[in-house]
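In what follows, a single structure is set out as structure tokens and then discussed.
Every chain is numbered from 1, with letters handed out A, B, ... down the list of sequences. Values in this document were obtained by computation on a predicted structure and should not be read as measured data.
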Amino acid sequence: MELTRIHPLVYLIYYFIMIVFAFIIRDPYFLLSFLILILVLISLQGISSELKNIMKLFLPLSILIIILNPLLNKQGVHKIYLFKNFFITYEAFAFGVLMSLALLIVILIFSSYNRSVTYQDMLYIFSKRLPVISMVIVMALRFVPLINSRTIEIQKLNKLKSNGVEINLENSNDDNNLEEFDSNISNIESSSNSKFLAKLNSSKKFHKIREESKVIGKIMAVTVSWSLEESMFTAKSMKARGYNAYNRTSYLSYDYSLADIFFLLLIIFTVSIVTAGFMQGYGIINIYPSFDFSFSDLPLNIYYFAFIIFLLPLIYLEIKERLLWH
Amino acid sequence: MALIEFDNYSFSYLNSTKKSLENINLNINFGDFVLLCGPSGCGKTTLLTNLKKELMPSGVGEGHIKYNGCEISKLEDSISACEIGYLFQNPDSQIVTDTVIQEIAFPLENIGLPTEEIRNRISEIVAFFGINDLLHKKVHELSGGQKQLINLCSLLVLRPKVLLLDEPMSQLDPIASYEFLSIIRRLNEEFSITIIMSEHKSDRIFPFIDYAVFLKDGKIVFNNNSREICKEVINDEIFANYLPTVTKIYNELSNKYGKYTNTPLSIRQGRQYLDTIHDNLMKINENMEKNNSFTEANVSGNTKKFNSTKKTIKDILPFSNNKDTLISMNDIYFAYEKKNLVLKNIDFKLNKGDFVSLIGGNGAGKSTFLQVLAGILKPIKGKVKYSKNLKIAYVHQNPMIHFSKDTIKEEFLESILNSNYYHQEEFNKDIYNSLLKLEGENFIESDILNKLKFKNINYSFKDLINFFDISHLIDNHPYDCSGGEQQKIIMLKTLVQNTDVLILDEPTKGLDPISNKNMANILNTLISQGITIIMTSHDLDFVAENCKRCIMLFDKDIQIDDTPKLIFKENNFYTTFVNRMVKDYIPQAVTLDDVKTLWGLE
């Protein structure tokens, strides 16, 4: 959303409550409406390839939950016999389905949250309370791509053996000798160790794994020592620019706007109604020991509608933004 | 009153008896532009870090340094942090945060300014430098030049009075260096920011500095304004190399044809001087043409040699295979990502004994070319063929990443162990360990190492070490060596592994003029020993003086493949400083030696 600015703290509260709801609610109608509205919101925010990848992972997982839960869990009153003596319970099956639904919703909430609140907004929320931690996070975010590109460069060198020199490009004879030589060395190394190790060393497969792990270890060692060396300069440059001399402030600024207040009021209003509904059992259905639910019982009550309204504001803002752009 | 005063200042590092700075007396006024020059390890960085309280190295200082009348070590935190800015060499390692705006805001957040003030200052600096587009980018997406610019911005938001720049352009390519330098000059001219900068390449800086300070072994050897210092150091063995090319030519000419009112520092002033002795020069030219038209003939003969890079029918026929070809690239295509070719339709043959340099703009694919040639990157289409038993060595732009051991002697031992000496010598782990215990001279002189014979080099191990001039480093940690020294160590490491082809990525980067000459000397000796070298370089003077064959990459392909002399003779903009200056008189002169011989200035 670019045309409306909502305070990151309001977002944080809103999404947090959503996640809590996703864990509490066990009513199929509530959950299905929840899923549909979140899907609408996500599709309005734009589906990323990242989400697609997560879904590819999640779908088999959810099927696994639906299958495994009734197999492992025999609680419940309604027994369904698949074979002579083998039964699953209707409750366990329903629990599996609702569980995986809830999990799906939580994943979708997280990816929607990522699109609404950038990590900079998050930093703003935390920087006042936890300035050191937020600084560490920022530096880590800088460090990850840096160390990545460094590893790539070092890996390149390792494609040529021994520090950038390729040994005998097209001569297999010498390669054999080299291996022999290597194993000689390793034999000398292990002579003090147990005979078992020596045996392992001579076996070719182990030798290969050993060599590979040596290479990886070396790449890691060089990456780390290079990074440490460079980070001394980072530290100096931080110090030179006055780090730790005063209390830090932040360049980010967010003011609460009228939209934030309306949003907050709506959240408080709807959430209190929905919570009142929970107290009376609406939205939370006991699955064990007996799951009594029929789809003909439409939840046409004030608690359900409050829940729907709770989920609508972001969708409304997104649609409104589309209209404004056109 | 001077802004910065050095009063008989000496400094020695902790646990070191040697003085890194000795009796420095120097006054720097408000708004001065000072250039620090000197060979690596002469104390430039020590001098600069001593001016910044936060970076002051641990050690003992005698005498006084005063900033604005106040001792540096007693400056208030806020004054030291804000008014004195320090820019490091490597653009990457100074960056702390991950987005540009955060990086610029970082120092302002540190000194605790309110949010509104921070945003005002950022908006001001962004408008001044026109970096609106970069503001929300991630730092790792930027080029080296852009990173250094952001680092500079991050200092400028604090509104400094003094900028200390420690070889800020050594890691940048020439175009980025131009831009960076013009910004520095603007800051000095328009905002009167005092600038103290250390740099090796003086050609572009000399015309607008106020004065230069030449340091040697921690002492100030010369300290004068730019024109006077040119006169003073003419006969100095070391510092004559630090003068701009134009001044060097002027010095040669003025002995014969008389002095000009001012020592020329820029090409423009140099050309004005040449105009005053126009008649004399034309006379030489006429004589030259009469005497020997053979230079021209020579040139035109050479042109045919490499001119056509595309295949002729003769090349395609199988029996015409040249035995001296070590590596051949046929119809190579390469790309890092889909539909974004970096190399296209490359045909290239590396012959034995070649000394090839790759030149071309930034991002022309020079490094990629080398990595494909070395077999590090696999081409998408086409094949790289190697002759039998060929050993290739590749030295990365950043030599640091080649090292994995704690000392340099350990690095050498590892190389020797890795090479196939076990054929001839009993070089096993025990000998390795016993050698490792030796120190300094004993290690270099040890019999086992000096008995070794290297395939391509007729030197013994001891001679090699002395030839590369690294005997004093043998017990050090590789990271403690300067960039040039690291380059040399890696090259030596590859030599003891009997390499045939040396592939060097920017070996001249950040070298001072003396090291540059040493490097040229080393490479030329290796060539004469029969090793083949291919390298990239931005240093056109180095290429013109040393290489035998020069390849210019342009638009993903080899544009020109010829001798450097011919390429620079034809070029107008992308050519050496010497050639730019004397182009109208003797277009074939591309190096100082050329000018000397052609104009008879020996």
Can you give me the closest heavy-atom contact between [X] and [Y], atom names plus distance?
| X | Y | answer |
| --- | --- | --- |
| B:Glu411 | B:Ser404 | OE2-N, 2.8 Å |
| B:Ile392 | B:Ile327 | CD1-CD1, 4.1 Å |
| B:Cys481 | B:Ile489 | SG-CD1, 4.0 Å |

Among [options], which residue forms the greatest number of heavy-atom pairs with chain B at distances under 4.5 Å?
| options | value |
| --- | --- |
| A:Arg150, A:Gln155, A:Met238 | A:Met238 |
| A:Lys156, A:Met139, A:Met135 | A:Lys156 |
| A:Asn244, A:Leu252, A:Val144, A:Thr223 | A:Leu252 |
| A:Ser149, A:Ser225, A:Ala235, A:Ser253 | A:Ser225 |

Taking every heavy-atom pair that is under 4.5 Å apart, which of [options] has the most such pairs with chain A?
| options | value |
| --- | --- |
| B:Thr49, B:Asn151, B:Ile376 | B:Ile376 |
| B:Leu158, B:Asp77, B:Leu55 | B:Leu55 |
| B:Val139, B:Ile95, B:Leu113 | B:Ile95 |
| B:Asp92, B:Ile84, B:Asn90 | B:Asp92 |
| B:Val96, B:Ile118, B:Ile111 | B:Val96 |
| B:Gln102, B:Gln94, B:His396 | B:Gln102 |

Check the pair A:Tyr251 / B:Glu109 against side-chain hydrogen bond (donor to acceptor under 3.5 Å, both in side chains), numbers first and verdict last. CA-CA 7 Å; A:Tyr251 79 99; B:Glu109 295 177 342; over 6 Å; no
Considering only heavy atoms, which portion of [X] lies under 4.5 Å from any heavy atom of chain B: side chain, backbone, both, or neither?
| X | answer |
| --- | --- |
| A:Met232 | neither |
| A:Gln120 | side chain |
| A:Ala240 | both |
| A:Leu141 | both |

Should A:Asp255 and A:Arg5 count as an ion pair when the cut-off is N to O under 4.0 Å? no
If you measure from the Lys or Arg side-chain nitrogens to the Asp or Glu carboxylate oxygens, is any gap between B:Glu103 and B:Lys147 under 4.0 Å? no
Heavy-atom distances under 4.5 Å only: say whether [X] touches chain A with side chain, backbone, both or neither.
| X | answer |
| --- | --- |
| B:Lys53 | neither |
| B:Tyr479 | both |
| B:Asp500 | neither |

Check: B:Gln148 and B:Gln171 side chains under 4.5 Å, non-hydrogen atoms: no
Counting C-beta onward and ignoring hydrogens, is there a side-chain heavy-atom pair between A:Ser257 and A:Asp260 closer than 4.5 Å? yes
Checking the side chain of A:Glu321 only, and the main-chain atoms of A:Leu3 only, is there a donor and an acceptor separated by less than 3.5 Å? yes
Is a donor from one side chain sitting under 3.5 angstrom from an acceptor on the other, for A:Glu153 and B:Asn398? no
With no hydrogens and no angle check, just 3.5 Å: does a side-chain donor-acceptor pair link B:Arg119 and B:Ser123? no
